[in-house]
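Data first, discussion second: the structure below is written as structure tokens.
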Amino acid sequence: MIFKVFGKKELPRLFDVIAVNRVVGPVQKGTDKNGSPLHTFGEVRDFAELSLDYKTTILSAKRFVLPFHETLCTFRVTENGWEKDVDFNVRGPTVFFGLHACDINAFNRLDKVLMESVYPTPYYASKRKNMFIIGTNCEPQPYCFCRSMGTDTALHGFDLFLTDIGDRYFAEVQSATAYNFLLQIKTADPKEKDHQRYMDVVAEKNKKFTAHVDNTDLTKILDMEFQSQAWKEWGDKCLSCGTCANVCPTCYCYGVEETVDMNATGARKIKSLHSCNLIDFAEVAGGHNFRPERHSRLKYRYYHKHRGFVEAFEESLCVGCGRCGEACLADITVPEVIASVRGEGH
Amino acid sequence: MDNRLPLVDIMEEGTHRRHDDIGSFEYTYKAEIMNIYPMTASEKLYQIQIIEPDRRNRFSFQPGQFVMLEIPGVGEAPFSISSSPIRHGFVELCIRNVGNLTGFLARMQRGAQIGIRGPFGTQFPVGEMEGSDVLLVAGGLGIVPLRSAILTVLENRSRYGSVDIVYGAKTPSELLFTYQYEMWRKFDINLSIIVETPDDEWKGPTGFLTRILEDRVAQAGANFAANTYAIVCGPPVMFKHVCGMLTKAGIPMQKMFVSLERRMHCGRGKCCRCNIGSTYTCLKGPVFDYWSIMNLKEAI
Amino acid sequence: MKVSCNVNVHHLTRVEGHGNIQIRIRNGKVETAQWEVVETPRFFEAMLVGKNWDNAPWICGRICGICSIGHTLASIRGIENAFGIVPSEQTRKLRILLKHMETLQSHVLHLYFLAAPDFLNLGSVIPLVEANPGVVKMAAGLKLLANDACDVIGGRRLHPTRTVVGGFTMLPEKGQLEAIKKRLEAAMADLVKTADIFRTFKIPAFVRETEFVSLGSAKEYPFIGGDLVSTDGVRKPEHEYRKMTNEYCVEQSTSKWSRLSRKSFAVGALARLNNNFAMLHPEARKLSESFGLEPVNHNPYMNNIAQLVECVHVTLDSIAIIDELLGSKWDEPRQPVTPKSGVGVGAVEVPRGILYHCYEFDAKGKIVKSDCIIPTSQNHANIQHDIEELARVSGDSGKKDEEIELLASMLVRAYDPCISCSVH
Amino acid sequence: MTQERTYLGVPLHKPKVAFFELSSCEGCQLQIVNNEATLLDFLSLVEIVNFREAMTERSNDYEIAFVEGSVTRADEITRLTEIRRNAAVLVALGSCACFGGVNQLKNRFHDIAWVKKEVYGKHPVETEAEAKPLEAFVRVDLKIFGCPIKKEEVEKIVTNVALGRPVQHPKFPVCMECKANENICLFDLGEPCLGPVTRAGCDSWCPNSRMGCWGCRGPADDANVEQLRNIAKKHGISAEAMLDRLECFGGFASHVDEIRGKAKAKKTASAAKGGVNPPSSPLGKGRRR
Ligand SMILES: Cc1cc2nc3c(=O)[nH]c(=O)nc-3n(C[C@H](O)[C@H](O)[C@H](O)COP(=O)(O)OP(=O)(O)OC[C@H]3O[C@@H](n4cnc5c(N)ncnc54)[C@H](O)[C@@H]3O)c2cc1C
Ligand code: SF4
Ligand code: SF4
Ligand code: SF4
């Protein structure tokens with residue numbers, strides 16, 4: 001890997017170099033009742049709009065690859081036949097400016113199922129292939145447990161990763177394109193003291209994690225504790241509202257609905273992200289519901305993320321960003337649920 | 001310097017080298033309803049042909065597999081192919097009118113254009129079964145996917161040992177493919193049919209399907225188990241009873257196959273609707289051996 | 001010479017709510033001439049009792065589907081007056097703008113979809129869809145513009161979601177306002193066309209002198225708050241609205257009736273125009289004059305034209321307001337609210353006339369008592385007397401039953417009554 | 001347009017439809033007229049034979065009756081029964097028709113005499129003791145939820161009816177749509193919201209405007225109301241504010257009864273009847289009118 005350092009003042013210049021493309025980054029969406037800022041990922045035209053010191057965004061960047069609603073195709077319907085027009089809904093490349101490691105890893109994990117396994121999803125792949133990602137380092141929050149999930153650093157899946165080492169940025173350069181961009185601002189090769197500063201920053205960060213998930217033997221434990229009373233208790237609290245899945249950077253379940261236009265000469269097929277917590281998620285013809293109870297659906301989300309996905313891809317589908325626990329009104333958080341299922345202190 | 005990033009077209013780039021990759025995901029073959037045969041009050045058999053000759057000829061499937069049938073603007077849903085894989089050029093789907101898509105389909109006419117994606121999913125191991133005895137158990141609509149296997153066995157009758165079909169339905173009027181029973185029997189197939197609620201004309205046995213099954217298990221004795229493949233299709237409640245019973249009778253779990261039904265939107269292991277844990281029914285199933293099922297929570 | 005007639009309209013169409021017209025003339029003598037309101041009461045004033053203050057605008061907006069924005073704003077004003085809250089200049093402008101768009105929406109709906117069919121001898125606008133799609137499209141376009149603007153400012157065209165005591169929950173984006181402004185500018189041409197169309201209609205010549213009540217202002221054509229005035233020279237402050245309305249119950253109506261200096265009075269576009277003609281936008285005033293509509297006009301059918309004039313006024317005024325908003329930075333959308341005990345009145349000019357909401361609160365901000373007086377209920381008595389007069393003159397004129405029925409129906413429709421609202 | 005239209009060979013049914021209103025603000029019907037952009041397409045899908053708010057012609061020959069409003073007076077029961085007799089399909093249009101809507105707020109006093117007096121003083125008026133949804137009197141085939149109804153939803157429903165497709169409402173709550181719209185959760189702003197328990201389909205109309213949901217579409221399937229109340233409490237939102245919302249449109253009536261029942265049980269026998277007691281002495285002695 002190639003490393004570079006550059007002064008903080010160079011960052012806006014880098015932005016300007018890149019901003020001939022569509023840029024998406026963390027922006028402030030509003031403030032909560034205590035006046036703390038709330039961030040989201042949004043389109044940015046000016047460097048000043050970026051809030052690179054954000055903690056976590058309320059929603060992940062998932063929607064840029066998996067929109068909440070996406071028209072998969074349209075139909076032109078004639079008297080007795082039809083023509084189908086498929087559009088992957090990509091209009092151009094997008095630069096992501098300021099993703100944290102967990103969110104970069106989230107994309108990497110989604111890739112495994114949506115792009116790297118058999119039958120890649122073209123809608124996802126076409127967006128994913130048109131991403132240019134600039135990562136930035138972050139400050140662990142009380143709800144972050146990415147370190148437990150092995151996602152506190154991003155090893156790949158970005159073009160450039162910037163770590164704030166005080167007066168300058170330490171840059172990991174992973175693509176030629178990124179290198180070319182950097183050529184247009186003032187950079188230097190890192191010195192020994194930059195390396196040291198980088199390691200200090202990382203060590204400092206590691207000390208700050210307070211939330212943890214014990215993944216030891218988790219796939220087996222989830223299987224063993226399938227009937228655990230803990231599920232029932234969480235299920236009683238759960239609102240089955242789907243919020244956890246919607247804010248999650250890696251939940252990708254969806255439903256499809258087809259509608260006929262009012263003039264009856266056109267139709268469309270629309271995909272909407274769903275959640276396995278929704279009551280009719282596992283309903284089949286004849287009205288049989290495989291998971292009619294709240295707790296069984298809640299359990300399934302964990303079962304899929306922390307067991308099924310691990311079995312298939314050797315790692316969990318959860319990246320420990322903590323968004324779901326933060327967004328859940330019922331305070332259902334991954335560390336607590338897993339601890340309780342493991343029989344720890346619940 | 002031009003800093004604009006190039007637009008990557010995945011159709012040209014590595015990910016989707018073959019057009020058919022996307023084809024299988026979102027490419028729907030245009031197909032025509034050739035014939036419609038009403039079977040019961042709520043089921044009809046649809047004979048469907050892919051319109052483009054080239055694609056039609058290339059289309060092949062195995063018993064147990066399914067297709068996604070799409071009516072533009074109305075919906076798309078999975079249906080097991082009910083015809084024999086040897087009969088090229090068309091597929092037969094036996095479809096029960098239960099709701100949106102199936103309701104609209106029931107009002108469509110011969111010649112109407114629909115869409116087909118597939119075939120998808122795993123198959124019944126008809127090849128592996130050669131040389132063995134075969135026990136086919138169907139409850140209700142379960143006969144639909146099973147029929148493809150039945151026809152395959154019939155067409156190669158000499159390659160199989162004894163063939164038993166146990167088929168149960170709620171009432172005689174709900175029995176499917178009645179016109180074919182004679183023909184099946186001619187091929188030295190032991191076909192037993194049972195209904196839960198008889199009507200005036202019904203002369204056969206009544207009760208749950210497990211009743212006949214118990215008799216057959218008792219009849220076959222030890223010999224039955226070792227050399228037998230079983231396929232079980234039907235509603236989820238049936239699996240537990242039947243598979244449990246057959247396991248007890250000694251049929252090895254890995255020689256017993258079931259076909260599961262889940263909601264499906266993609267058929268490609270992406271929408272998660274058919275997931276059991278992280279096991280996609282559309283990719284690893286719908287046909288599973290019973291051992292795999294035992295290892296899946298809430299599978300049946 | 002016609003001596004007998006029997007007109008019986010059960011559930012008059014193309015008006016909001018349920019009302020009946022009965023006219024019976026025998027041997028030249030008017031036996032019955034009656035405007036009955038048979039709408040079911042919903043008891044909004046009782047519903048609110050015991051509820052917290054913040055329920056009122058949300059619930060009271062539901063008094064009327066056509067002018068829910070006006071109801072919401074009147075309710076909010078009543079509460080703000082009770083709590084001593086003065087809206088910021090930004091809030092005031094946005095509210096007026098929202099109000100204007102509701103007025104435009106409602107007037108266009110009335111002019112084209114409810115009133116015009118009468119002049120064209122049609123039962124509804126539907127035949128026009130085939131006969132003259134261009135005009136229908138234009139009318140729908142105007143309404144859509146106004147409705148879209150309501151969405152942008154109030155969150156929703158019907159039962160708005162952003163309007164709250166203290167201001168707004170959220171502000172529109174400036175780009176959205178700019179887009180609305182462009183559409184408003186383009187809409188002027190359509191309004192001119194509308195005027196041309198209405199110029200071809202024959203407005204029945206009918207005059208009955210009455211009193212006209214509305215908000216009155218020397219600063220602007222008034223829509224939200226201020227003094228209450230009448231063409232008979234009465235002037236009252238907002239909180240003395242009851243001295244203006246003097247509600248009482250009558251047999252023939254589930255809605256209450258009102259009176260002031262005479263046996264009845266009228267509110268609505270014509271009343272506003274009669275009282276505030278000088279405050280109209282010059283273009284609107286010119287248009288009014290071109291129709292021979294100048295104060296004080298006593299032909300109730302001219303209310304249609306007054307609505308048309310107001311459409312032009314609100315469109316032009318809205319463009320000016322948007323310009324002002326675009327020229328300044330956004331302030332906080334909403335100010336904090338501290339409830340306190342007291343009584344507050346909100347008077348707002350909604351499309352059909354002046355509307356009052358009045359609430360009494362205890363110290364915690366719970367509603368102890370409430371009162372809503374709806375424009376149409378103030379108009380009912382006036383409609384009744386107009387019908388009587390119409391019966392009298394028609395009885396002498398030798399008109400056919402159908403003609404009288406049409407004239408009477410048109411008369412009631414001219415008031416654009418909102419009947420379910422008047423009963424609430 | 002006399003020639004029959006088809007969709008993929010299946011005839012498009014052009015039903016004769018009629019609109020009626022009982023006690024309501026007529027806003028839901030207005031929403032239909034508010035279909036400006038698609039009005040013409042709408043009119044090509046149905047044949048409107050009765051729409052008092054917009055047309056003079058009327059007919060009793062209709063298949064689908066859209067009935068807005070709740071039942072509050074005896075004559076409305078008669079009208080409704082007659083509509084039911086004429087219509088093959090009766091559609092409850094809007095929250096008033098589905099649940100009683102805001103009109104049912106008066107029911108909470110369980111004292112119609114007081115309610116009447118509060119508004120009309122001594123003047124006699126006729127009204128039923130309680131405002132009720134259509135379902136209390138006739139069979140309802142289809143419900144269109146919302147106060148007001150969402151025109152996009154009506155359009156979809158009408159298109160489906162023309163195609164002969166069943167109409168399905170979302171079973172999940174408003175939060176789903178709210179998140180998809182990337183709103184800041186109202187609870188983060190310290191405001192009450194019924195989104196987690198209310199049936200979706202409105203595209204989180206109110207939260208999109210930073211107004212917490214009032215539950216106008218009634219409960220989602222398996223709504224966890226009990227838990228939402230605990231949550232609200234934890235967020236410092238008063239039980240009363242939640243109750244105000246739950247009882248606003250009538251969709252949560254059974255939950256409200258339960259909550260009030262519990263509250264009453266706690267307070268022992270002081271309240272004679274269930275529900276809220278009307279204030280014993282209305283402030284400002286006597287009626288002002
Ligand atoms: C592998 C497989 C093979 C099948 N083979 C057959 C067959 O041969 N014949 C047959 O009649 N039926 C078969 N089905 C069932 C069939 O797919 C459903 O009956 C069909 O989806 C109903 O569609 P609908 O639009 O008419 O129903 P809807 O109106 O959508 O719903 C009716 C019911 O079906 C459920 N449902 C909706 N969409 C799906 C979906 N995509 N998958 C499963 N359930 C759904 C709903 O939850 C609801 O309970 C099969 C299902 C699977 C998974
Ligand atoms: S499950 Fe929760 S913590 Fe894990 S990735 Fe999803 S939102 Fe983040
Ligand atoms: S604002 Fe309401 S609807 Fe939206 S997420 Fe929060 S609770 Fe759910
Ligand atoms: S957010 Fe709630 S109150 Fe608002 S429209 Fe939707 S369901 Fe009704």
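Chain A is the first sequence line, chain B the second, and so forth, proteins listed ahead of strands; every chain is numbered from 1.
When A:S240, A:P292, A:C241 are compared by the number of non-hydrogen pairs under 4.5 Å with chain D, A:C241 comes out ahead. Most heavy-atom pairs under 4.5 Å with chain A, from the set D:N160, D:L8, D:V225: that is D:L8. Heavy-atom pairs under 4.5 Å with chain D peak, among A:L273, A:L329, A:N277, at A:L329. Comparing D:A223, D:A232, D:G190, D:A220 by how many heavy-atom pairs each has under 4.5 Å with chain A, the most go to D:G190. Between chain D and the residues A:T78, A:T31, A:D32, A:N34, the largest count of heavy-atom pairs under 4.5 Å involves A:D32. Among D:I184, D:T38, D:L12, D:D221, the residue with the largest count of heavy-atom pairs under 4.5 Å with chain A is D:I184.
The side-chain contact (heavy atoms from CB on, under 4.5 Å) check on A:P249 picks up A:S60, A:D103, A:A106, A:V319, A:C321, A:R323, with sequence neighbours excluded.
Rounded to the nearest 0.5 Å, atoms CE (D:M176) and CG (A:N246) are 4.5 Å apart. Annotation: the span from A:T259 atom OG1 to D:E155 atom CD amounts to 11.5 Å, rounded to 0.5 Å. Note that NZ of D:K179 and OG of A:S275 are 12.5 Å apart. Values are rounded to the nearest 0.5 Å.
Taking 4.5 Å as the limit, every side-chain heavy atom of D:Q227 sits out of range of all side-chain heavy atoms of A:D236. Two residues are said to be in side-chain contact when any heavy atoms from C-beta on lie closer than 4.5 Å; D:E191 and A:K33 fail this criterion. The shortest distance between side-chain heavy atoms of D:D222 and A:R294 falls below 4.5 Å.
Neither the backbone nor the side chain of A:S36 comes within less than 4.5 Å of any heavy atom of chain D. For a residue to count as touching a neighbouring chain, one of its non-hydrogen atoms must lie under 4.5 Å from one of that chain's; by this rule A:I58 touches chain D with the side chain only. The contact between D:K171 and chain A is made by backbone and side chain atoms together, counting heavy-atom distances below 4.5 Å. Heavy-atom distances place the side chain of A:T40, and not its backbone, under 4.5 Å from chain D. Using a 4.5 Å cut-off between heavy atoms, A:D261 touches chain D through its backbone atoms (N, CA, C, O) alone. Both the backbone and the side chain of A:L239 come within contact range of chain D, judged by heavy atoms closer than 4.5 Å. For chain D, the nearby part of A:E257 is the side chain; its heavy atoms alone come within less than 4.5 Å. Residue contact with chain D, scored on non-hydrogen atoms closer than 4.5 Å, involves the side chain of A:V77 exclusively. Looking at D:L163, the atoms closer than 4.5 Å to chain A (heavy atoms on both sides) all sit in the side chain, from C-beta outward.
The heavy-atom pair separating D:Y7 from A:A264 by the smallest distance is CD1-O, 3.6 Å. Closest of all the heavy-atom pairs between A:C238 and D:N224 is O-ND2, 2.7 Å. Closest of all the heavy-atom pairs between D:E182 and A:F41 is OE1-O, 4.4 Å.
The environment of NZ in D:K234 is crowded: more than 12 heavy-atom neighbours from other residues, nucleotides or ligands sit within 6.0 Å. Under a cut-off of 6.0 angstrom, the local environment of NZ in A:K55 is sparse, with at most 12 non-hydrogen atoms contributed by other residues, nucleotides or ligands. For NZ of A:K29, the number of neighbouring non-hydrogen atoms (other residues, nucleotides, ligands) closer than 6.0 Å is greater than 12.
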